[in-house]
Amino acid sequence: MSEIINNFFNPEGVTLWKLYTLEDYLFFGGLLVLGAVALWAAVRFLAKRRTPEGTAARMAKKLRGIGGVGAQVYQNVTVVSQRGRCVSPMIYAAREGVYVVRVYHFGLEVSGSASSKYWTLAFNKDVRQEPNPLDDMDEQIVVINRVLSRAGLGHVPVEKLVLFADVYGRPRLELRGVDCAVVRQDLGKWRKKQKKLPAIDLPGVKRALEGSFQNGPGKG
């Protein structure tokens with residue numbers, strides 16, 4: 001076998017376009033089969049990871065990992081304040097503040113604006129229209145601010161974070177007027193900037209948030 005391999009890739013011997021013996025044809029056919037199997041396995045692996053649930057779980061793990069000691073992510077929680085409630089797909093409590101998070105598992109070409117009703121997410125010929133999440137996230141921020149204010153934590157920043165995390169590549173964003181959108185490949189750089197902000201009472205923030213959840217802490 002080693003002799004076949006050496007001959008196959010030797011410029012002076014058998015090349016990719018010059019197959020002389022049955023062994024050459026069998027070896028080349030084997031390479032094609034192995035390549036096809038590897039490609040099929042890779043596509044299948046990525047397809048399994050490219051789901052809303054799987055992507056959200058990975059981003060939650062990533063945020064906790066880069067957030068430092070005490071950072072926490074809450075998924076699919078209902079926050080209840082004295083004057084209202086909201087359903088939050090994800091809340092990230094970090095050393096410098098709280099973030100309401102929206103994660104998109106699909107889309108390598110993303111376009112829209114802060115004021116547009118829909119955002120367009122595309123992958124090759126697959127084009128999807130998704131509602132602009134910013135107004136809904138603003139409503140979440142209002143409710144969370146009320147919860148924190150009641151706990152004596154009214155100075156804690158509560159911001160938006162929109163993550164684009166398609167596993168098939170690096171998303172390209174054209175979102176006019178949107179300054180809270182981050183692609184997963186840049187999450188580390190985004191985190192470094194946020195870590196420079198003043199620290200908050202993170203344990204107190206987590207107690208206030210968890211005490212406001214209707215159905216338990218919902219930690220992701």
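Computation of the quantities below employed the complete heavy-atom set of this structure, encompassing side-chain atoms and omitting hydrogens, waters and symmetry-equivalent molecules.
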To the nearest 0.5 Å, what is the distance between [atom1] ([X]) and [atom2] ([Y])?
| X | Y | atom1 | atom2 | answer |
| --- | --- | --- | --- | --- |
| Leu202 | Arg207 | CG | CZ | 10.0 Å |
| Ser149 | Ile144 | OG | CD1 | 13.5 Å |
| Ser116 | Leu175 | OG | CG | 7.5 Å |
| Leu163 | Arg58 | CG | CZ | 12.0 Å |
| Leu197 | Arg95 | CG | CZ | 8.0 Å |
| Leu121 | Leu173 | CG | CG | 9.0 Å |

Using a 6.0 Å cut-off, check whether atom CZ of Arg170 has over 12 heavy atoms from anything other than its own residue.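 Atom CZ in Arg170 is packed in, count exceeds 12.
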
Check: Do other residues, nucleotides or ligands put more than 12 heavy atoms under 6.0 Å from Lys62 NZ?
Finding: no

Do the side chains of [Y] and [X] get nearer than 4.5 Å, heavy atoms only?
| X | Y | value |
| --- | --- | --- |
| Val100 | Lys160 | yes |
| Gln129 | Thr120 | yes |
| Pro171 | Tyr104 | no |
| Trp119 | Ser111 | no |
| Tyr74 | Val79 | no |
| Val142 | Cys86 | no |
| Asp166 | Thr55 | no |
| Ile66 | Lys192 | no |

| said: Starting from Val80, can I reach Phe213 by hopping between I/L/V/M/F/W/Y residues whose side chains sit under 4.5 Å apart? | reply: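 In one cluster with Phe213: Val80, no.
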
inquiry  = Is there a path of hydrophobic side-chain contacts, each under 4.5 Å between heavy atoms, that joins Val162 and Val167?
reply    =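 In one cluster with Val162: Val167, yes.
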
For the residue pair [X] and [Y], what are the closest heavy atoms and their distance?
| X | Y | result |
| --- | --- | --- |
| Met137 | Arg102 | CE-N, 3.9 Å |
| Pro89 | Val101 | CB-O, 4.4 Å |
| Leu63 | Tyr92 | O-OH, 3.0 Å |
| Ala208 | Leu153 | CB-CD1, 4.3 Å |
| Arg184 | Gly169 | NH2-O, 3.9 Å |
| Ser212 | Leu209 | OG-O, 2.7 Å |

| Parallel under 30°, tilted from 30 to 60°, perpendicular over 60°: which one fits the rings of Trp190 and Tyr99? | perpendicular

* Asn132 side-chain N/O to Ala114 backbone N/O, donor-acceptor pair under 3.5 Å ->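 Side chain of Asn132 to backbone of Ala114, a donor-acceptor pair under 3.5 Å: yes, one is there.
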
Glu96 and Lys193 ion-paired at < 4.0 Å:
no

